[in-house]
Every structure is written in structure tokens, then in C-alpha cells.
Asks: 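Provided herewith is a single structure, encoded as C-alpha cells, for subsequent inquiry.
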Amino acid sequence: PLIGLLRGAGRPWLERLETGFVAGFRATRPETGTMVVRGAGGPWELASAGVRIALYSTDRADPEVLAAAHDAGIRLIGTDPDLSSPRC
């Protein structure tokens, strides 16, 4: 299985979050690989590889990337607090 990391703006502080996210999966499934992608094409790459859930590692979500993830059927775990707002 693969873990998806969709990288956006806000690096490098997000590297620790990514490390923890991957470590959490590997704690129970050590054979898990990691696929790192960027940009609006990234969700399509993840979908093609069979990834259905990914960490969207950004502090400024890009609407084009969010739309691509939706269209590709990828569920994102986000770090942008605006995405948690009831209006989204």
C-alpha cells in the first residue's frame, strides 16, 4: 500500500507533520510506501497509483488543487485551518 503526501505552500514546518503522518501508518503497516506529489496534477497521480486518502501538506490551500482532488476521488487530510471552517 501507499501513503499519499500532496505538498503545497508552507514548507518547511510541515515536514514534521508529514514524518508523523507516515510513521503512524508504518507503525501498523511497516511495508507501506510513500508517494509525494505536488500541484493540481498530484491528485490524479495519487489516484492512478491507487491512493484514496492523502495528507495535503500546506498552510495555504490552492482551490485548483482542491478541485482536482475532488474530481480524482481523493480524500484529503488538511492542515489549513480555513478548510475546517463551517463555511467550507
Asks: Using the salt bridge (Lys or Arg N to Asp or Glu O under 4.0 Å) rule, collect all pairs that involve residues 61-79, keeping only residues at least two apart or in two chains.
Replies: none
Asks: Look up atom OG1 in Thr58 and atom CG in Leu17, then write down how far apart they are to the nearest 0.5 Å.
Replies: 11.0 Å
Asks: So, for Ala40 and Ala68, which heavy atoms are closest and what is the spacing to 0.1 Å?
Replies: O-CB, 3.2 Å
Asks: Cluster question for you: counting only ILVMFWY and a side-chain heavy-atom cut-off of under 4.5 Å, with indirect links fine, are Phe25 and Leu55 together?
Replies: yes
Asks: If you measure from CG on Leu76 to NE2 on His70, what distance do you get to the nearest 0.5 Å?
Replies: 11.0 Å
Asks: Can you name the closest pair of heavy atoms from Pro43 and Ile74 and give their distance?
Replies: O-CG1, 3.6 Å
Asks: Is the number of heavy atoms from other residues, nucleotides or ligands under 6.0 Å of Ile77 CD1 greater than 12?
Replies: yes
Asks: As a quick check of understanding, evaluate side-chain contact (heavy atoms from CB on, under 4.5 Å) for Arg38 and Leu6, giving each step before the final call.
Replies: CA-CA 6 Å; Arg38 289 180 168 74; Leu6 178 56; 5.7 Å; no
Asks: Suppose we screen for side chain to side chain contact (heavy atoms under 4.5 Å, CB included). Which residues come up paired with Arg29, at least two apart in sequence or across chains?
Replies: Pro1, Glu31, Thr32
Asks: Verify the cluster assignment for Val36 and Phe21: are they in a single hydrophobic cluster under the rule of side-chain heavy atoms below 4.5 Å apart?
Replies: yes
Asks: Enter the distance from Met35:CE to Ile3:CD1 here, rounded to the nearest 0.5 Å.
Replies: 13.0 Å
Asks: With a 4.5 Å limit on heavy-atom distance, are the side chains of Arg7 and Leu14 in contact?
Replies: no
Asks: Could you grab the distance from atom CD1 of Ile53 to atom CG of Leu2, nearest 0.5 Å is fine?
Replies: 13.0 Å
